[in-house]
Amino acid sequence: MRLNRNEKTKAAELTVSVAQIVPCTEAEGPGRRFAIWFQGCPLRCPGCCNPEMLPFSGGQQIVATEIVEQMAIAKERFAVEGVTFLGGEPLAHASAAALLAREARELDLTVMVFSGYTLAEIRAFADPDVSDLLANTDILVDGPFNRDVPETRRRWIGSSNQQVHFLSDRYRPDDPCWHKANTLEIRWTGTELVVNGFPAPQARNLWQRKETRRG
Ligand code: SF4
């Protein structure tokens with residue numbers, strides 16, 4: 001880890017609301033990635049596939065330095081090339097997400113963010129943490145999930161209204177990886193079954209989770 005003194009203090013004090021972390025996945029963006037789902041989203045897209053991550057209550061409170069440490073371990077152990085932020089809504093946790101994105105870049109990891117807000121809305125927030133997050137993001141997938149227009153061509157994208165913005169030159173839209181088949185990963189952590197990625201359309205009702213709390 002290469003946190004400077006100010007960053008160290010901030011990261012040591014900052015607690016992140018986390019719904020789930022998967023240290024190495026190939027189902028949430030290009031290559032192998034460390035994925036973190038934030039707990040809490042102010043939006044309510046009909047058909048949201050992570051309803052249990054909507055309330056701001058719940059989840060795990062994890063100190064940011066611990067997550068940065070986990071990223072570094074994932075890079076060494078699994079050769080992950082980047083981190084992916086999902087939710088929940090990463091922009092609703094902008095301060096933590098910005099810090100984690102900066103630290104990911106310090107570790108030479110790329111950053112991919114899924115947001116229910118459009119890029120135009122994000123830019124209009126005029127929030128320094130949001131700007132900081134955007135400045136450290138390589139790929140932004142933006143816009144609310146719309147179950148009426150499910151995406152059928154682009155990998156990792158939920159609905160066809162959502163745009164993929166390449167905010168750096170680390171990735172290219174013509175990379176064939178965007179058109180390979182989606183995958184679903186199921187893993188047993190020793191205490192629970194963790195599912196992430198995209199199920200085949202005919203299996204969607206088998207894995208869709210229910211909202212259990214309201215925040
Ligand atoms: S932005 Fe994402 S997490 Fe929030 S309601 Fe929409 S699909 Fe669900």
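Since this is a predicted model, take the numbers as computed values, not measurements.
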State, to 0.1 Å, how close [X] and [Y] come at their nearest heavy-atom pair, and which atoms those are.
| X | Y | result |
| --- | --- | --- |
| A27 | N196 | CB-ND2, 3.9 Å |
| Q163 | R154 | CA-NH1, 4.2 Å |
| G87 | N50 | O-ND2, 3.0 Å |
| L107 | M71 | CD1-CB, 3.9 Å |
| D132 | A98 | OD2-CB, 3.8 Å |
| E28 | A35 | CG-CB, 4.3 Å |

Is there a donor in the side chain of [X] and an acceptor in the side chain of [Y], or the other way round, less than 3.5 Å apart?
| X | Y | result |
| --- | --- | --- |
| R33 | T25 | no |
| Q162 | D142 | no |
| S160 | R153 | no |
| S115 | E89 | yes |
| S17 | Q61 | yes |

Legend entry - Under-4.0 Å salt bridge between D175 and K180: no
Legend entry - Note: R105-E103 ion pair, threshold 4.0 Å (strictly below): no
Side chain proximity check, [X] to [Y], heavy atoms < 4.5 angstrom:
| X | Y | value |
| --- | --- | --- |
| C177 | W156 | yes |
| V164 | I139 | yes |
| R147 | C45 | no |
| W37 | V18 | no |
| V194 | I186 | no |
| L14 | L99 | yes |
| D138 | F166 | no |
| L91 | L133 | yes |

When clusters are formed by joining ILVMFWY residues with side-chain heavy atoms under 4.5 Å apart, either directly or through shared neighbours, do [X] and [Y] land in the same one?
| X | Y | value |
| --- | --- | --- |
| V149 | F114 | no |
| I73 | V68 | no |
| V22 | V141 | yes |
| L109 | L140 | yes |

Inset, instruction - Working to the nearest 0.5 Å, report the span between OG of S57 and CD of Q39. - result: 7.0 Å
Inset, instruction - Measure the spacing between CG of L54 and CZ of F56 and express it to the nearest 0.5 Å. - result: 9.0 Å
Legend entry - Check: P144 main-chain N/O paired with N161 side-chain donor or acceptor under 3.5 Å: yes
Legend entry - CD (E121) with more than 12 external heavy atoms under 6.0 Å: yes
Legend entry - T183/R155 under side chain to side chain contact (heavy atoms under 4.5 Å, CB included): CA gap, chis, key distance, verdict: CA-CA 9 Å; T183 50; R155 193 178 180 190; 4.0 Å; yes
Inset, instruction - List the steps and the verdict of side chain to side chain contact (heavy atoms under 4.5 Å, CB included) for D108 and K75. - result: CA-CA 9 Å; D108 199 27; K75 182 181 177 189; 3.9 Å; yes
Inset, instruction - Check the pair E185, R187 against salt bridge (charged side-chain N to carboxylate O under 4.0 Å, His left out), reporting the backbone distance first and the verdict last. - result: CA-CA 7 Å; E185 295 176 0; R187 54 175 66 75; 2.7 Å; yes
Inset, instruction - Determine, using ring centers only, whether F34 and F78 are less than 6.0 Å apart. - result: no
Inset, instruction - Let me see the working for L86 and I36 under side chain to side chain contact (heavy atoms under 4.5 Å, CB included), right down to the final yes or no. - result: CA-CA 6 Å; L86 318 95; I36 171 166; over 6 Å; no
Inset, instruction - Walk me through it: do F145 and L43 pass the test side chain to side chain contact (heavy atoms under 4.5 Å, CB included)? - result: CA-CA 10 Å; F145 172 66; L43 306 176; over 6 Å; no
Legend entry - Option among L119, D127, D129 that satisfies the side chain to side chain contact (heavy atoms under 4.5 Å, CB included) test with L134: L119
Inset, instruction - Measure up the H93 and F38 rings against each other and bin them: parallel (under 30°), tilted (30 to 60°), perpendicular (over 60°). - result: parallel
